[in-house]
2 protein chains.
Amino acid sequence: MDSFEPTIQKLRSKGFKLTPQRLAVIKYMIGNTNHPSALTIHKDLKKRYPSLSFSTVYNTLNVLEEIGEVRPLYIFSEHVNYDPSVEPHVHFLCTECNRIHDIFPHETEGIRLPVGELDGHLVTSSQVILRGICRDCR
Amino acid sequence: MDSFEPTIQKLRSKGFKLTPQRLAVIKYMIGNTNHPSALTIHKDLKKRYPSLSFSTVYNTLNVLEEIGEVRPLYIFSEHVNYDPSVEPHVHFLCTECNRIHDIFPHETEGIRLPVGELDGHLVTSSQVILRGICRDCR
DNA sequence: GTACTTGCAAACAGTTTGCATAGGC
DNA sequence: GCCTATGCAAACTGTTTGCAAGTAC
């Protein structure tokens, strides 16, 4: 229960205020595995918060990114998708249904990614996008 | 020499015409390791082809993508970068200088990526973006 | 000669910004 | 009460589109 309490704490501790709009976005995002875009978030939340504006959604997403609670995914050219920041995982984009599936380490014996030094560069994070046909579309 | 002959062949074989503008973009892209954006391509080619328009650059990039000679990279939220499609490699984005470095398999003992089936999904391609500080900026 | 391509300008989509009002703490 | 956040509209950026004129083949 109240799995968004830590997020609220972090928000406040970094000097941001908790508004009903921000709380709504936090509740919407935490645990959400659909990798929604700002458009989708706004569309969905507008049902319950009719006055919610686009700029507030963007503002909140930028704040959540800043405090490390959300990660932008640049998978499509048209828009940014957002992923609640959890344990590291890779993304699988189905080219049929355009959905983004999460794949977690325990399912990914076939994947190994570098940390530390590689070819002289210092690697601090990695993002993997796999493409293909998802299990539902096959 | 004339390493772009195969590209021209492929272009023609798929029913596209070879125009001076397209040739210019092909020559600019083939072997280019800078992962330029459409803006950069246009800016650079405009010096030699002053009448070259944006829409022609975009048209040509889309054609080259269609025939598999160029691959769009969604690394930044703001714009698309283009990579001449060669042997599989991963990309390293330096968060200091914002340059994209190529890293090829022989340098990447630390990386393994899946092919075929994974967690029920059929994986056909993969894209890896590493982030950190590049060897020049360290 | 017949498509297809170009170049221009206008349209478009997603995101950001400016500013007056509202509201968290 | 102070200062940040909201909501609206307008601005902005990268990309796409419509169309008349030009050109590869």
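We use all heavy atoms of the structure for the numbers below, so side chains are in, but hydrogens, waters and symmetry mates are not. Just so it is clear: chains get the letters A, B, ... in the order the sequence lines come, proteins before strands, and each one is counted from 1.
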Can you tell me the distance, in whole Å, between the [atom1] atom of [X] and the [atom2] atom of [N]?
{"X": "A:Y74", "N": "C:dT15", "atom1": "OH", "atom2": "P", "result": "10 Å"}
{"X": "B:L23", "N": "D:dC25", "atom1": "CG", "atom2": "P", "result": "10 Å"}
{"X": "B:L61", "N": "C:dT6", "atom1": "CG", "atom2": "C1'", "result": "15 Å"}
{"X": "B:L11", "N": "C:dT5", "atom1": "CG", "atom2": "P", "result": "8 Å"}
{"X": "B:H42", "N": "C:dC8", "atom1": "NE2", "atom2": "C1'", "result": "11 Å"}
{"X": "A:F54", "N": "C:dA13", "atom1": "CZ", "atom2": "C1'", "result": "10 Å"}
{"X": "B:Y49", "N": "C:dT5", "atom1": "OH", "atom2": "P", "result": "18 Å"}

Heavy atoms only, 4.0 Å cut-off, all strands: where does [X] land among base, sugar-phosphate and nothing?
{"X": "B:S55", "answer": "base"}
{"X": "A:F16", "answer": "sugar-phosphate"}
{"X": "A:L39", "answer": "nothing"}

Next on the checklist: Let me spell it out: for each of B:N59 and A:E78, pick the nucleotide of DNA chain C with the closest heavy atom. Which residue's pick is nearer the 5' end?
Outcome noted: B:N59

Item to check | Whichever of B:T60 and B:S77 has its nearest DNA chain C nucleotide further upstream toward 5' | outcome: B:T60

Candidate nucleotides [options], ranked by approach to the side chain of [X] - the nearest:
{"X": "B:L18", "options": "D:dC8, D:dC25, D:dT16", "result": "D:dC25"}
{"X": "A:K17", "options": "C:dT16, C:dT17, D:dC3", "result": "D:dC3"}
{"X": "B:H79", "options": "D:dG14, C:dG7, D:dT6", "result": "D:dG14"}
{"X": "A:T56", "options": "D:dT16, D:dT6, D:dA5", "result": "D:dT6"}

Any chain of hydrophobic side-chain contacts (each under 4.5 Å) joining [X] to [Y]?
{"X": "A:I103", "Y": "A:I100", "value": "no"}
{"X": "A:V63", "Y": "A:Y28", "value": "yes"}
{"X": "B:Y49", "Y": "B:V57", "value": "yes"}

May I ask you to evaluate whether [X] reaches the phosphate of [N], defined as a side-chain N or O under 4.0 Å from OP1 or OP2?
{"X": "B:Y58", "N": "D:dT15", "answer": "yes"}
{"X": "B:R22", "N": "C:dT6", "answer": "yes"}
{"X": "A:Q21", "N": "D:dG7", "answer": "yes"}
{"X": "B:R12", "N": "D:dC25", "answer": "yes"}
{"X": "A:S51", "N": "D:dG7", "answer": "yes"}

Next on the checklist: Go nucleotide by nucleotide along DNA chain D from the 5' end; which of A:G15 and B:P20 gets its closest nucleotide reached first?
Outcome noted: A:G15

Checklist entry - Mapping B:T19 and B:A38 onto DNA chain D by nearest heavy atom, which one lands closer to the 5' end? => result B:A38

Checklist entry - Distance only, no hydrogens: is a donor on one side chain within 3.5 Å (strictly under) of an acceptor on the other, for B:H91 and B:D83? => result yes

Next on the checklist: Are the side chains of A:M29 and A:P36 in contact, using a 4.5 Å heavy-atom criterion?
Outcome noted: yes

Checklist entry - In Å, rounded to the nearest 0.5 Å, how long is the span from OH of A:Y82 to OG1 of A:T60? => result 11.0 Å

